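In what follows, a single structure is set out as structure tokens and then discussed.
Given the structure is predicted, the values throughout are model-derived calculations rather than measurements. The chain is numbered in sequence order, starting from 1.
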Amino acid sequence: MAGDSRTALRAAPPAAGEATPEPREPIALLFRDLRTSPDGLSEREAARRLTVYGPNTLVRREGRRWPRELAHQFTHPLALLLICAAALAAVSGAPNLTGAILAVVGLNALLAFVQERQAERAVEALAGFLPDDATVVREGRRRSVPATELVPGDVLVVEEGDRVSADSRLLSGGVEVDLSALTGESVPVFRSGEATEGSGPLLEARDLVFSGAACTGGAAVAVVTATGMHTELGRIAALSQRTRREESPLEQQVKRVARLIAVIAVGVGLAFLPMGLAAGLSLTASVAFAVGLLVANVPEGLLPTITLALASGVRDLARRGAVVKRLSAVETLGSTTTICTDKTGTLTENRMRVTEVWTPGTEANGDPVPDHEALTLADAAATCTTADPAAGHGDPTELALLDLAARLGGDRTPARRDGERRALFRFDPRIKLMTTADARHGTVVLHTKGAPEEVLTHTTRLLDHGLERPITPADRTEVVHAVGGMAARGLRVLAVARRALPPGRPPPGRREEAERDLCLIGLVAMSDPPRPEVAEAIRRAHQAGITVHVVTGDNGLTAAAVAEQVGIGHRGMRIVTGTELDAMPDDRLDALLARGEEVIFARTSPEAKLRIADALRAEGHTVAMTGDGVNDAPALRRADIGVAMGRSGTEVAREAATMVLTDDDFATIIAAVEEGRRTYDNIRKFIVYIFTHAVPEVVPFLVFALAGGAVPLPLTVMQILAIDLGTDTLPALALGREKAEPGLMDRPPRPRSEKVIRPAMLARAWGFLGLISAALVMGGFFLTLGAAGWHPGDPTGVGTALHLPYQQATTVAWSGIVACQIGTAFAARTDRAPLRAVGVFANRQLLGGIGFSLAFAAAIVYLPALQHVFGTAALSPAQVLVVAPFPFLVWGADELRRAVVRPRTNEPAPEAPPAPVTPPPGPPSPHHPLPTLLARHGWSAHRLTHALGVGEHAAAEIVAHAHRISAEHGHRTR
């Protein structure tokens, strides 16, 4: 056989585009299909295959060239509008404003360009999971080669501390590997070269290891079956690249706003041309005034104000533990309707602690007490470990067992434990057992710990109050009852057993001999406690109308118990296993998510997370999804808000996500949602502020045109530019820093389709605040001219007696707009609440912006050099008194309006009736949750009988009950 295999090396390997061999086929067939042997490839063959298959790296998708990507940013509608505004400003003779607008366009284009390259960086981060070097067997000799040069057919050596370089089939030996980055499992799993059945998910195959996994113990020899983009890691990379980021709701709305503004500005400007000509103006003058109207209607500061408001939200979130990588994500957070959260480390503290123990004849209640039975149990459990707390490494479960022994006063330290050890059979997930052989009082004692259902199958005796006796069926039933009760409370349960060998007998050489005729000592239950702040965060999420689903790779029963502890499932809760989800058609999944219940999705795959996100988004939800592993990257990119864990998460997840939690805390997500809502509200506030001032700027031109020149122009183009340049921007920016109104998190999430500019906002800006401001401005203008003896049609040009009063009247009109801006700024600070609810002087940035506006206005009014540029004149004290009340009139009118509409808006909206919850068929199940969940994961009645020791009739009933549960989810159990 070996000779045939080596001869086959001269044959060409499969072409790169052909399907790779099935990695779980018999070893002889696998060697044949890969054209290799246990002695490995020859150097010449390895070099040839490297040419055929390419390097063992993750390939980046071909994208647009960067000049084209950068140029694309200048075609954004609002960017085009700003460029038009710059051109208009240049035509109007304001080169400084032109340069400022173009600088803003360039800055925003560069920012957007940088953001769009996140996908490529995510794939580059995936490449960081591949080690630099690998140990292979070639031509029968071990040697080290660059990991990028591995090819299918190479024989790979994997040892403790290595990171697996390629997907491989184990030939001999056994290793513990950390697959959490690929599967979401938090506990290392055992893989060995022993032959196993070739069915089930590929990632669960017990003789396969995968690229990017870390070897935490043991040693093995494997044959490489796939490299580069053909590995499971490469498949996830391809998913991440195919998953394109879609525009956020704000990005879509800004485009609509830009189109609206453009239509209004161009429409008003074009409408003025015939009006000006009809009024007797020359074509040049009509065009000049049309340009002035366009400039008055184009809010040059809208895009930078939105950008800076979002940047402010990003800074505030960073202080609260959330690093947001895309500015528009702040707004998206505010519209979040559904959060799909992981369990471990997000809802919980990510630390295991033993909370209950059970021994025969006792009840598991509260913290363990140091009686004789508990001490015996804790000592045996601590002996059957390999962790070392002092060295800072070890499985969290074993660290919890050592902590239990220390808490109960035991003396089983890691040093003493290792000194007494004579043999070790590492944890094997196939049988879910670990056994150690330890020297005790001149003999060898075997200690075993593992899954209770498996320990029971190897147990023939029971330690009952210090005496060993045969275990009875009633005892087994009592153990199953105890396990079911603990599991239902969300505890992870381990059984501990032992067997003393006769004096002088050496430790067994095979684990089958060691793990038989055991004596059950008891059960140890441990929990990963929920974070103390999560329950309040869940309550606030529900109060804000946000649904919280748990999407985890952990056991569904444990996840459901933790979810119940923190308040998830207030309207009903279901557990859906990965097996059930895979078999569930899309319409059934949509119906499940539409029921109004919160769902526990357990044992999820990367594709399942993508499917859940797609299903929710198809129903109109704005989805935030958490994740920490490589397997989460595609779903993090597909969700509206991908949330990665900063402490426990992988670099891949952090690169793919939109937001990174520096504290891995669910409560930070809710704080981010609140910040997003506040930011979105503030964007609307300064949009109202900016839109309001278009009315008092446009009305003077309309009055001039409609009067046919009998009324002189109340404003000049340069004065409008002075408003846009100096007095408009800083207060708008300050409104972006406004603190949240009371009751912000009591509102339901806004619909995904809701526009950033609502009709009510336009009615408030144009039809109420704008008209009041325009009336005050025009009133001040006519009052000043009338006091000087002006009548309609009187000349006001240079050299006339009314020229100075005319200049003062235009200055009053211009100052009146500035004064009305102040009143509008205070009015816009709240949408519903009275100003006192947020504090009249609480926004210091706004006070500073108003101070600058007043200083700028005073300079234009009273400095001779600026008077000449802007056509203003110094105002008398009486004229100043005319303008001084404007802010209070504008703000006071809006305060009265809010007082009138507040009773209606504060009335709680009628709650939508909860979705009907179909009751489970028949009476409550008498079966324990643990065997039922195992049956839902595909365990047969025979397997339940063998593992749990229950009768065949009871096992059949459990399986039938699992089928009924599956039928509620609309599929058949596999």
Side-chain angles (χ1 to χ4, degrees), residues 21-31 34 36-38 40 134-137 142 153-183 185-226 231-232 384-386 395 397-398 421 423-437 446 448-451 453-455 457-458 507-516 943 947:
E22 165 57 45
R24 289 178 289 190
E25 64 184 359
I27 291 294
L29 295 179
L30 187 62
F31 277 149
L34 289 172
T36 187
S37 75
T135 301
V136 297
V137 176
R142 288 180 54 157
D154 261 326
V155 174
L156 179 67
V157 179
V158 181
E159 297 177 322
E160 182 174 354
D162 291 346
R163 191 175 289 277
V164 180
S165 309
D167 288 3
S168 307
R169 166 79 173 272
L170 296 178
L171 303 176
S172 62
V175 289
E176 279 187 347
V177 289
D178 179 5
L179 291 176
S180 61
L182 287 166
T183 65
E185 292 281 357
S186 57
V187 179
V189 296
F190 183 77
R191 296 289 184 258
S192 73
E194 300 178 12
T196 60
E197 58 183 11
S199 60
L202 196 66
L203 288 174
E204 295 180 7
R206 299 185 178 98
D207 54 354
L208 298 181
V209 291
F210 300 95
S211 177
C215 177
T216 59
V221 177
V223 59
V224 174
T225 58
T231 63
E232 288 297 299
C384 190
T385 61
T386 58
D395 180 80
T397 301
E398 294 194 346
R421 181 155 298 162
L424 168 66
F425 299 97
R426 291 184 176 273
F427 178 77
D428 186 345
R430 294 175 304 164
I431 57 175
K432 300 179 182 178
L433 297 177
M434 172 182 175
T435 299
T436 61
L446 303 169
T448 299
K449 75 173 191 298
E453 63 271 20
E454 296 295 341
V455 173
T457 63
H458 297 77
R510 300 172 60 247
R511 74 182 310 149
E512 290 79 4
E513 298 176 2
E515 294 167 347
R516 64 178 179 84
R943 189 176 181 188

Would Arg421 and Thr386 satisfy side chain to side chain contact (heavy atoms under 4.5 Å, CB included), going step by step from the backbone distance to the final call? CA-CA 10 Å; Arg421 181 155 298 162; Thr386 58; 3.8 Å; yes
Using modelled atom types and a 3.5 Å cut-off, is there a donor and acceptor pairing between side-chain atoms of Arg169 and backbone atoms of Glu25? yes
Test item: Leu202 and Phe210 side chains (from C-beta on) under 4.5 Å apart, heavy atoms: yes
Side-chain donor or acceptor of Arg511 paired with backbone N/O of Leu433 under 3.5 Å: yes
For the residue pair Thr448 and His458, establish whether any side-chain heavy-atom pair is separated by less than 4.5 Å. no
What are the two closest heavy atoms between Ala220 and Leu170, and how far apart are they? CB-CD2, 3.8 Å
Report the C-alpha separation of Leu424 and Met434 in whole Å, then their side-chain angles, then the decisive distance to 0.1 Å, and conclude whether the side chain to side chain contact (heavy atoms under 4.5 Å, CB included) test is met. CA-CA 8 Å; Leu424 168 66; Met434 172 182 175; 3.6 Å; yes
Main-chain N/O of Asp167 paired to Thr225 side chain as donor or acceptor, under 3.5 Å: yes
Quick check: does any side chain N or O of Glu398 sit under 3.5 Å from a backbone N or O of Thr385, one acting as donor and the other as acceptor? no
What are the two closest non-hydrogen atoms of Ala423 and Pro507, and how far apart are they? CB-CB, 4.0 Å
Quick one: are Leu171 and Phe31 in side-chain contact, heavy atoms under 4.5 Å? yes
Compare every heavy atom of Val224 with every heavy atom of Leu34, then report the nearest pair and how far apart it is. CD1-O, 3.6 Å
Exercise: identify the closest heavy-atom pair between Ala226 and Thr231: O-CG2, 3.3 Å
Nearest non-hydrogen partners of Leu446 and Ala437, listed with the distance: CD2-CB, 3.6 Å
Just verifying a value: how many Å separate Asp207 CG and Ser192 OG, rounded to the nearest 0.5 Å? 7.5 Å
Test item: Pro508 and Thr435 side chains (from C-beta on) under 4.5 Å apart, heavy atoms: no
Of all the heavy-atom pairs spanning Thr135 and Leu156, show the shortest one and how long it is. O-CD1, 3.3 Å
